[in-house]
Amino acid sequence: MAKNLVIVESPAKAKTIENFLGKEFTVRSSFGHVMDLNKKKLSVDVENEFEPQYEISPDKKKLVTELKKMAKEVDMVWLASDEDREGEAISWHLFNALDLKEEHSKRIVFHEITKNAILNAIENPRSIDKNLVNAQQARRVLDRLVGYELSPLLWRKVKPMLSAGRVQSVAVRLIVEREEEIQNFKSTSAFRTLAEFTVSEGKNKQVFTAEYSERFPDFDNAKAFLEKQVGAQFSVFSVEKKPGKKSPAPPFTTSTLQQEASRKLGYSVANTMRIAQNLYESGLITYMRTDSVNLSDFALAAAKEEIEKVYGKEYSKTRNFTTKSKGAQEAHEAIRPAYMNKSSVDGTREEKRLYDLIWKRTIASQMSEAKLEKTNIQVQSTTADKYFVASGEVIKFDGFLKVYIEDSDEENGEQESDLLPPLAKDEKLDLLKMTSTEKFTKYPPRYTEASLVRKMEELGIGRPSTYAPTISTIQKREYVVKENRDGVDRKIQNFELKDGKIKESVFTEIAGAEKGKLFPTDIGTLVNRFLMKHFDDIVDYNFTANVEKEFDDIAAGKNDWKKIIKSFYGPFHDKIEQTQDNSGKFSGERFLGQDPKTGKNVFVKIGRYGAMVQIGDTDSEEKPSFAGLQKGQSLETITFEEALKLFEFPRNLGDFEGEKVVVAIGRFGPYVNHKKLFYSIKKDQNPAEISLDQAIDIINEKREAEKLKIIKEFKEDETVQVLNGRYGPYLTIDKQNYKIPKGTDPAGLSLEDCYAIAKDPKNLPKKKVFKKKK
DNA sequence: CAGTGAGCGAGCTTCCGCTTGACTT
């Protein structure tokens, strides 16, 4: 056994560091936090100074025992978790959980994984910073109190299984409020006029486009303007040239990597992180959960060398970027290639593409700026008051643009800068054609996963390690759905002036189509309304930023963490109790009208299982009847007629193979029921209009698919089947599933083999880790 | 997985931030 044990947070880091340190050092990892509050209970003693009740996390028990044993056998334990609030707490937890002694343990920190940085850290140890630990305790306890007092209130007032928290509830609010903005947005239109010119005399007949600097509010004005331009003379009024430059973006942080991978590669936030994790574990990139744009001296030097070698000296410019994001803790470097001279890697297509993005972004960040020349031209007409303007851009020196261009979120990328022909003042121009086209203003963009992350980072809510999980949480709770939506056709009016004649035309464009955007659900909207009404301070966009300032004071030793929590918890808990006692169910109920058949009231509201329509009052003698809303329908927008339609199920379509075929709508959407079997109806078919023949098609299709699933059946025992599942072949006996041991040919199994597999407890599927939905 | 929704009451759910595998039908 070596004389020293170093404990870091990540196993990949442990492996690298062990190589730097030599035989005297063993390096292990804690896999993150090892202690936490118990998941089942509040675990904060609110009566007694908010004392947190920590325990060793259930999944870390084995690890802690192991580390404890190792710690006893070495002379010195070096606690080398990250240098931030959470890292300090991890060291403190390890100190406690491993029963360490002051004289046998030291706290060390480093920001980059280089031999010098590690050796330097070993030479400059310190003790655990209790103030920083206390700041973490305040953060942890605050989040627990908010989450574990608000969520149960939601279970009682809105719906079971819901959740609320400092981070997720603000993320939901952003999406709900953006949707409200969009719904309230009134699109207006104006006519945009473009003209194509060439010079009248000379050789260069290059065509360029200029836009008239006024937009016309309506059809008549646009038409009048174009009519006036018939027969007009055009000439260059002014030519203005000025130099410009562009600088590269800083290297990637978690947030910017997620955004660019989404824009350029179309990866979801979770997917990007999974791929980055693989690259990190293969030693190809630095740590992928970081808020720092800093590069180590080693990386700066390596980038410089690579750029000078490949592109030449004039392309290199060493830069140090400083972070602008709120609450950044900068325990790591930016995300960069481990080796700058490795411009591509082996791996899956996804890994290659993400690595390429990281390599280019990092290299570009160390390259010189691009030099441009911008040209603005004004064209005058003898019959117009204002000018037509055109702008062009010429790249004089490409610099970093040679390697990498950052994408933007702007959806209307209409500011295309054309290359302009050489033009002089007063030069005569020929008009080729002029068009005036109706343009509609666009509502603010809906969030994508990545643009939501950017907004969260801007507000300082969430951390690099939680962006992806938070986005999955708000979708799992069904506050938000990621969806594509079809647009609607919109008529566009257009004029064209050519050869002295004006042509009118109308064409259609698709407006409002969305791909992979986040939409709030009814339940998300309702929960947000509830929180805004009773807990507006918690979902305030500045709540996190403000408490972060308090945590900073605690970390600086200027304030006591329990005092801070106390001043928050008093009023917060009062509000919890008040809302609990004084407000009723928060169901978002909306009255739609009176049922023409019975005269009873018809409502929509959120029930135990989601949005539903109710006919009849809850407190009336006769039990009300209910129907769940269908996919795509919403509490806010469903009409009285649509609501009544939901009660037309189940529909009996007729007989097939001697038994009834029934269409109905269930928990999982519309389905066909026949011989006690269920068949889902696809989205593009309307369950209210489906015919018997169409239903039979659905039944037969499913039967075909089932047949393909079967690899092997046995006449002797029909409960035994070898099937093809989502995760490869498996065995099912009497509705119990079993894994087939590796290396067995599923098609060659005999009935006896199957029984044998079933007997071995090894082949039982593991217990479900995730909870059942219901 | 499957057609629920009153009310009774038991027993369940839930936060954020650090980390990876093991595993799913």
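Each chain gets a letter, A, B and so on, in the order the sequences are listed, and its residues count up from 1.
Taking the six-membered ring where tryptophan is involved, the planes of A:F678 and A:Y671 are perpendicular, since the angle between them exceeds 60° and thus also 30°. Between A:F535 and A:F530, the two ring planes are tilted [angle within 30° to 60°].
At the phosphate of B:dC18, OP1 or OP2 sits under 4.0 Å from a side-chain N or O atom of A:S465. Close to B:dC15, at under 4.0 Å from its OP1 or OP2, lies a side-chain N or O of A:S163. Of the side-chain N and O atoms in A:K605, none sit less than 4.0 angstrom from OP1 or OP2 of B:dG5. OP1 or OP2 of B:dT13 has not a single side-chain nitrogen or oxygen of A:R477 nearer than 4.0 Å. OP1 or OP2 of B:dC16 has not a single side-chain nitrogen or oxygen of A:T466 nearer than 4.0 Å. Using a 4.0 Å cut-off, no side-chain N or O of A:Q136 falls inside it from OP1 or OP2 of B:dG17.
Side-chain N/O atoms of A:R140 and base N/O atoms of B:dC15 include a donor-acceptor pair closer than 3.5 Å. In this model, no side-chain donor or acceptor of A:R463 finds a partner on the base of B:dC16 within 3.5 Å.
Residue order along DNA chain B, read from the 5' end via each residue's closest nucleotide, puts A:A164 first among A:Y280 and A:A164.
Residue A:G610 is classed as a base contact, given a heavy-atom separation below 4.0 Å to a base. Using a 4.0 Å heavy-atom cutoff across all strands shown, A:L162 reaches sugar-phosphate atoms only and no base atom. The residue A:G32 sits close to a base: some heavy atom pair falls under 4.0 Å. In this structure, A:V34 reaches neither bases nor backbone, as no heavy-atom distance under 4.0 Å exists between it and the strands shown. Across all strands, A:Y467 comes closer than 4.0 Å to no nucleic acid atom at all (heavy-atom distances). As judged by a 4.0 angstrom heavy-atom cut-off over every strand, A:S43 is placed among residues making no nucleic acid contact. Residue-level contact check: A:P624 touches neither bases nor backbone, having no heavy atom under 4.0 Å from any strand. The residue A:K159 sits apart from the nucleic acid: no heavy atom pair falls under 4.0 Å.
With hydrogens and angles left out, the side-chain atoms of A:E86 and A:H33 include a donor and acceptor closer than 3.5 Å.
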